[in-house]
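Residue numbers start at 1 and run along the sequence shown. Predicted, not measured: the structure shown is a model, and the values here were computed from it.
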Amino acid sequence: MDTTNRPRFWIGALVGGLLTAPLIVIFALVAQLVGTPFVPFDVFDWSSRVLPGPLIEFGISTIVKTINALKLGETSSTAKLAEQTMAIGGLIATGVIVGAILFEYMRRNGTPKNRYLPGLIAGLVLGIPVMFISQSINQLATTSPIVSAAWTLIAFAGWGVVLNWVYYRLTEPRVAPATAAAASTSTTSVTEPVNGFQAIDRRNFLIKVGGATAAITVVGAGLGALLAQGTVPEANTGPTDVLMPANAGDQPWSATHALPNADAAVMAVPGTRPELTPLANHYRIDINTLPPVIKETEWNLPFTGLVDNPITLKLADIRNNYTPIDQFVTLACISNPVGGDLIGTTRWTGVPLRDILKDVKLQSNATHLRITSADDFDEVVDLETVMNDGRVILAYEWDGLPLATKHGFPLRIYIPNHYGMKQPKWITNIEAIPQWEAGFWVRRGWDKDAFMQATSVIDTVATDSIITTGDQKFVPIGGIAHAGDRGISQVQIRVDDQDYVEAQLRTPMSDTTWVIWRYDWPFAAGSHTFTVRCVDGKGTQQIETVADVLPAGATGLVSTRASL
């Protein structure tokens, strides 16, 4: 069998990648226009739920370390962009592999009776598992499951057929014998169609394929970006099903109110992070490339399990039938490295969970609550904590505004002194159970309790804000320290190898927020290393031994070097 003129696997890999890029753009465009699934993200989200915990942790840690090392920007938003890029890159890589396999198979086996059957089969072999994965995981599609499944299969089948067509186009176009003879007696190059195709050399055809796919990709991406403007909801609390920001003209609480510690004597050093994190800057870490979008009109919260009075509440019931509380809270991700930015502070509004539990009448053998989210995330909290601590709330507002979609609309839980991994967002069910069970991240190897580690951070050595008092100059140094709800009793600074000295503490906004600290260091010219440590409100000193984020949160000290 002569396979000399048949393109080899590496050309199939190239073509597979070239064709997959516009396929992804088409998926995005149709998702925007019609509401079908965007399958690259679905496959990525599915993998984050089925891969082993250590592998997921390695991926998370690698992304965070890379972002910090290269200073690529705010960690959580950059990490989400990295995840989305990986999802798209994963599908392109799959297209490369399938293209290589298909071309090599056809090169070795020749032309079947049905010329396009191999490509159709290849597309369906890829599309069928993707379709099932998308059906099992997707939270955002607005089309029916049948329409979503049919579209996914049609798109992949079409991709396979086009891949198949390109193979034949690369194989069959050639200068016909009559044309070759004519060319030998003429100064003009003439080509004739072969099997319906105009002759073209392989290199030029690949360039044309690449140009066409690039054009489709660029134009499609531009259209997708245009369509996406104003259609990604930040909150969905209005009385209709329209997915637009609710109360768009409303201002956050902090825009019209002073913080509770506004009159505190100790002032933050210029360059210290804001005491209250702007909502747009608050970190978001979860298991989704895109957050679940929940319509208030379709949402309710059932309380089930070991209860004598199972109830189902709408968001309006929670808002109107129970007395809310407001509390300022610092929340951190367990994946936050020491000194990282996966941490934020804002004003939470919600209802003490124990108030609602009084109405469901827990049975005597109920010991824990299993809390489940719209994205199939789950966590278990012990009832003793819930019933003894009124600060455990079901929160529906941040800084006086309804929760943004990406931050858990319509409802999330707050449990003091625990990292964010223990506190589900997008809550859809609360079930009373008779014993503790491992939650989503605990099943993947993370700490059972996930108590927040005491941590102190240097935000700034304010060399441009030197204070002069008489003949002495002082350089303000500032930052934050936090230890869950245990508070901070002391922050200490060390300069080079000198002894630690005590910093000033600003009165915190609440017993569950970070503390702003400052130290006015007597100026000394030269290059110096500054190190900070803290003591929590119970007298326990910050752990100085360096530990990675897995399984219980990072520990160690933050140091920074400055030349003066």
Side-chain angles (χ1 to χ4, degrees), residues 13-51 55-56 59-60 62-63 77-102 122-143 145 147-160 162-163 213-214 216-228 231-232 284 286-293 375-376 405-406:
L14 174 62
V15 175
L18 288 174
L19 293 180
T20 305
L23 174 67
I24 291 171
V25 171
I26 290 170
F27 273 128
L29 280 173
V30 177
Q32 289 285 347
L33 289 168
V34 182
T36 52
F38 184 59
V39 295
F41 288 179
D42 292 343
V43 173
F44 188 87
D45 288 348
W46 173 80
S47 67
S48 72
R49 289 155 173 78
V50 300
L51 290 175
L55 184 59
I56 296 174
I60 294 172
T62 300
I63 291 173
S77 58
T78 306
K80 283 301 172 189
L81 178 60
E83 291 175 2
Q84 293 168 357
T85 302
M86 290 166 62
I88 292 171
L91 186 55
I92 291 176
T94 303
V96 167
I97 295 170
V98 173
I101 293 173
L102 178 63
L124 291 176
V125 166
L126 178 56
I128 289 173
V130 169
M131 179 268 293
F132 280 114
I133 288 171
S134 181
Q135 292 283 297
S136 69
I137 204 74
N138 185 273
Q139 299 286 335
L140 300 177
T142 56
T143 51
V147 171
S148 297
W151 160 240
T152 302
L153 293 180
I154 290 170
F156 277 106
W159 173 86
V162 174
L163 184 64
T213 57
I216 294 171
T217 302
V218 171
V219 172
L223 288 173
L226 184 63
L227 289 169
T231 63
V232 179
R284 168 212 162 194
D286 50 63
I287 60 174
N288 312 288
T289 48
L290 292 175
V293 175
D375 58 353
D376 294 327
T405 295
K406 66 181 180 180

### Query
Between F38 and F44, is the ring centre distance below 6.0 Å?
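Not under 6.0 Å, so no.
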Is the shortest heavy-atom distance from the side chain of [X] to the side chain of [Y] under 4.5 Å?
X    : Y    : value
V96  : T20  : no
L290 : L140 : yes
E83  : I60  : no
I63  : M86  : yes
F156 : L23  : yes

### Query
Is it true that a side-chain atom of S134 and a backbone atom of V130 form a donor plus acceptor pair closer than 3.5 Å?
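Looks like no, no N/O pair under 3.5 Å.
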Residue pair [X] / [Y]: nearest heavy atoms and the distance that separates them:
X    : Y    : result
Q84  : T289 : NE2-O, 3.0 Å
G123 : W159 : CA-CE3, 4.4 Å
T142 : V34  : OG1-O, 3.6 Å
A87  : F41  : CB-CD2, 3.7 Å
L91  : P40  : CD2-CG, 3.6 Å
S48  : D45  : OG-O, 2.7 Å

What's the separation between atom [atom1] in [X] and atom [atom2] in [Y], rounded to the nearest 0.5 Å?
X    : Y    : atom1 : atom2 : value
L153 : L126 : CG    : CG    : 10.5 Å
I92  : L19  : CD1   : CG    : 11.5 Å
D42  : N288 : CG    : CG    : 10.5 Å
T152 : L124 : OG1   : CG    : 11.5 Å

### Message
Please tell me whether T143 and S148 have a donor and an acceptor in their side chains that are separated by less than 3.5 angstrom.
### Response
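Short answer, yes.
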### Message
Quick check on salt bridge (Lys or Arg N to Asp or Glu O under 4.0 Å): which of R49, K80, K406 does D286 satisfy it with?
### Response
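The single option meeting the salt bridge (Lys or Arg N to Asp or Glu O under 4.0 Å) with D286 is K80.
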